[in-house]
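Have a look at the structure below, then the notes.
Numbers restart at 1 for each chain; the letters A, B, ... are given by sequence-line order, proteins then strands. Worth knowing before you read on, the calculation uses all heavy atoms, side chains too, and leaves out hydrogens, waters and symmetry mates.
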Number of protein chains: 2
Amino acid sequence: MKHAAPRRAPLYQQVKILLLEALESGEWLQNDVLPSEFELAARFEVSQGTVRKALDELVTERVLYRRQGKGTFVAAYLDEWDRAGFVLSGFNRTQEVEKVQPELLTCMRANASEEVSEALGVRRGAPVVFVKRLLRLNGRVMAMDDVVLPGDLFDGLDSRKIRQNGGALYELYHRVFGVRVVRTREQLRAEPAASDEARLLGVDKGSPLLCVTRVAYAAEDKPVEWRRSWINTEQHAYSST
Amino acid sequence: MKHAAPRRAPLYQQVKILLLEALESGEWLQNDVLPSEFELAARFEVSQGTVRKALDELVTERVLYRRQGKGTFVAAYLDEWDRAGFVLSGFNRTQEVEKVQPELLTCMRANASEEVSEALGVRRGAPVVFVKRLLRLNGRVMAMDDVVLPGDLFDGLDSRKIRQNGGALYELYHRVFGVRVVRTREQLRAEPAASDEARLLGVDKGSPLLCVTRVAYAAEDKPVEWRRSWINTEQHAYSST
DNA sequence: TAGTGGTCTAGACCACCGC
DNA sequence: CGGTGGTCTAGACCACTAC
């Protein structure tokens, strides 16, 4: 890379991309240690400082983590709640993060509504995949959500693939479709439960639900998922970290 | 700083602290340009790269901003909604951020409740300052909040000071009490309006409100403010950015 | 002790800005 | 054109980890 063709992006950005490609190709798996900064520098024909700057960014994006004296490692791909920077946590005391168990209700082809098409940057009526789920915490139903994905990016997605993956959607997007969620945006509202939601969540119609509308973005701010969740916050809070 | 006493923190961290002190002392004001990286390096007797690393952190913390070819500048201190990473925004269409107008209802001395004392890391019953406000958006009441501050950090705080400052609390903490909010954590719930809240917000008792419990932290994760807001999300959403 | 990440330096060149 | 931030290098030393 010493004297490559007229440089467009900075070297460390190019190194970062090469590292991401190597990661996606499976060269290093979860919790594997990467070659040392000097070895990577030799491989990419740049200086150690340049590799370090690329690694810095991947660490802040939580793709890698470092341990002084040991090395640089591949981070576990975070599940969808973590990736959003949010977790469902006990409202009083218990700060431990509890595991969310999703149950798939629906997975079907559909066409983008007005709201979804704007959020995903596709034309209205464009083919999308529609997913409906129920989310349990310690066996108790406590949220439901509708997920809408652009059809072109998620071509072969079906119920079987989702169930196989145990319901961790963002990991599925990444591993099977090569779509890595980098950032999310959310809008939050308090809404009275409609009859459908009340029935599914086992609450009275009209009781307050936390309604979260989320758009997930991959690299270069490309929107890749629209999602609306209804959460019963009687026992738990939706918390930022 | 070349050969200072046995080094505890890295040089760039020390430089960062010196820069923050200079900022708090008013050496440079909002949108002022700082000396160049080389001038700062000479002043602190470190290399330009070390100054740059200190500036990098202050830029990511939004204390400074840079313009290539021009210089490094002092950022405007963000108001409390921005600093939290949240803004109240129109739910449909209009993405422009609207200005929140706070109205002070109460400012009094009180004692820390159990919940507040845990969040602020003070003993139960410790002296605190209690503030109650009404928040308007375009003249319409749309939220209320209770703010609790540790009494030792905010000794002379009273209604007059809050009103003088136009209600921007985080800027007041910073400018008058030297407390710079760096990070916040929030827990969100949907709750039925109690009679007090319903009356103040002009909604029916029991109608859904978004309840946000926030703890704000200064440097070194020191908690400096506890706050609970009730938000009417009929017309607007509480949105992350 | 050897190898890793973490810090720091001095100097170079580039891209952008304003005169 | 000179001055600024932005990138890149080569080499040094430190702190931590493992053996």
Side-chain angles (χ1 to χ4, degrees), chain A residues 1-20 22-23 27-28 31-75, chain B residues 1-20 22-23 27-75:
Chain A
M1 200 176 288
K2 221 36 154 314
H3 294 102
R7 196 161 57 240
R8 307 192 45 77
L11 269 186
Y12 72 90
Q13 289 286 1
Q14 299 179 42
V15 170
K16 182 181 168 186
I17 290 170
L18 292 173
L19 286 168
L20 278 172
L23 282 164
E27 182 164 349
W28 311 294
N31 294 320
D32 278 358
V33 62
L34 268 61
S36 76
E37 295 178 350
F38 281 98
E39 286 174 308
L40 290 172
R43 164 165 167 179
F44 298 129
E45 295 181 299
V46 299
S47 75
Q48 175 258 2
T50 300
V51 168
R52 179 156 249 276
K53 188 152 187 189
L55 293 177
D56 280 344
E57 295 208 350
L58 293 170
V59 167
T60 56
E61 287 170 18
R62 299 198 289 179
V63 175
L64 305 174
Y65 62 93
R66 287 197 267 229
R67 292 288 174 268
Q68 178 168 137
K70 298 181 73 174
T72 304
F73 301 83
V74 181
Chain B
M1 199 174 290
K2 223 30 154 318
H3 294 103
R7 197 161 57 240
R8 306 193 44 77
L11 269 185
Y12 72 90
Q13 289 286 1
Q14 299 180 43
V15 170
K16 182 182 168 186
I17 289 170
L18 292 173
L19 285 168
L20 278 173
L23 282 163
E27 181 163 351
W28 310 293
L29 303 178
Q30 204 171 298
N31 295 318
D32 278 359
V33 62
L34 267 62
S36 76
E37 295 178 350
F38 281 98
E39 286 173 308
L40 290 172
R43 165 165 166 179
F44 299 128
E45 295 181 298
V46 298
S47 76
Q48 175 259 1
T50 300
V51 168
R52 178 156 250 276
K53 189 152 186 188
L55 293 177
D56 280 344
E57 295 208 350
L58 292 171
V59 167
T60 56
E61 287 170 19
R62 299 198 291 180
V63 175
L64 306 174
Y65 61 93
R66 286 196 267 229
R67 291 289 173 269
Q68 179 168 137
K70 298 182 71 174
T72 304
F73 302 82
V74 181

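- Going from atom CG of L11(A) over to atom P of dC14(C) covers 13 Å, rounded to whole Å.
- To the nearest angstrom, P of dC8(C) lies 11 Å from CD of E57(B).
- An OP1 or OP2 oxygen of dT4(C) is reached within less than 4.0 angstrom by no side-chain nitrogen or oxygen of T72(A).
- If you measure from atom CD of Q48(B) to atom P of dG11(C), you get 12 Å, rounded to the nearest angstrom.
- Separating the CD atom of Q13(B) from the P atom of dC14(D) is a distance of 20 Å, rounded to the nearest angstrom.
- Nucleic acid contact for Y12(B): sugar-phosphate only, since backbone atoms but no base atoms lie under 4.0 Å from a heavy atom of the residue.
- Once rounded to the nearest 0.5 Å, the distance linking CG of L20(B) with CG of L64(B) reads 8.0 Å.
- Contact annotation: R67(A) side-chain N/O to dC16(D) OP1/OP2 distance is not under 4.0 Å.
- At the phosphate of dT7(C), neither OP1 nor OP2 sits under 4.0 Å from any side-chain N or O atom of T50(B).
- Within 4.0 Å of Q68(B), counting heavy atoms only, lies at least one base atom of the nucleic acid.
- Comparing dT4(C), dT7(C), dA18(D) against the side chain of K70(A) picks out dA18(D) as the nearest.
- In this structure, CG of L64(A) is placed 12 Å from P of dG6(C), rounded to the nearest angstrom.
- Of all nucleotides listed (dT7(C), dT7(D), dG6(D)), dT7(D) comes nearest to the side chain of P10(A).
- Annotation: the span from L23(A) atom CG to L34(A) atom CG amounts to 6.5 Å, rounded to 0.5 Å.
- Here the nucleotide nearest the side chain of S47(A), chosen from dT9(C), dG5(C), dA10(D), is dA10(D).
- Rounded to the nearest 0.5 Å, atoms CG (D56(B)) and OH (Y12(B)) are 10.5 Å apart.
- Between dG6(D) and R66(B), a contact under 4.0 Å exists linking OP1 or OP2 to a side-chain N or O.
- Between L55(A) atom CG and dC8(D) atom P there is a gap of 14 Å when expressed in whole angstrom units.
- Taking the side chain of V46(A) as heavy atoms from C-beta on, and the options dT9(C), dG6(C), dT9(D), the nearest nucleotide is dT9(D).
- Rounded to an integer number of Å, the gap from R52(B) CZ to dT7(D) C1' is 8 Å.
- With E57(A) as the fixed residue, the salt bridge (Lys or Arg N to Asp or Glu O under 4.0 Å) test singles out one of R52(A), R62(A), K16(A): K16(A).
- Following rounding to the nearest Å, E45(A) (CD) and dT9(D) (P) show an atom-to-atom distance of 11 Å.
- The CZ atom of F44(B) sits 4.5 Å away from atom CG of L19(B), with the distance rounded to the nearest 0.5 Å.
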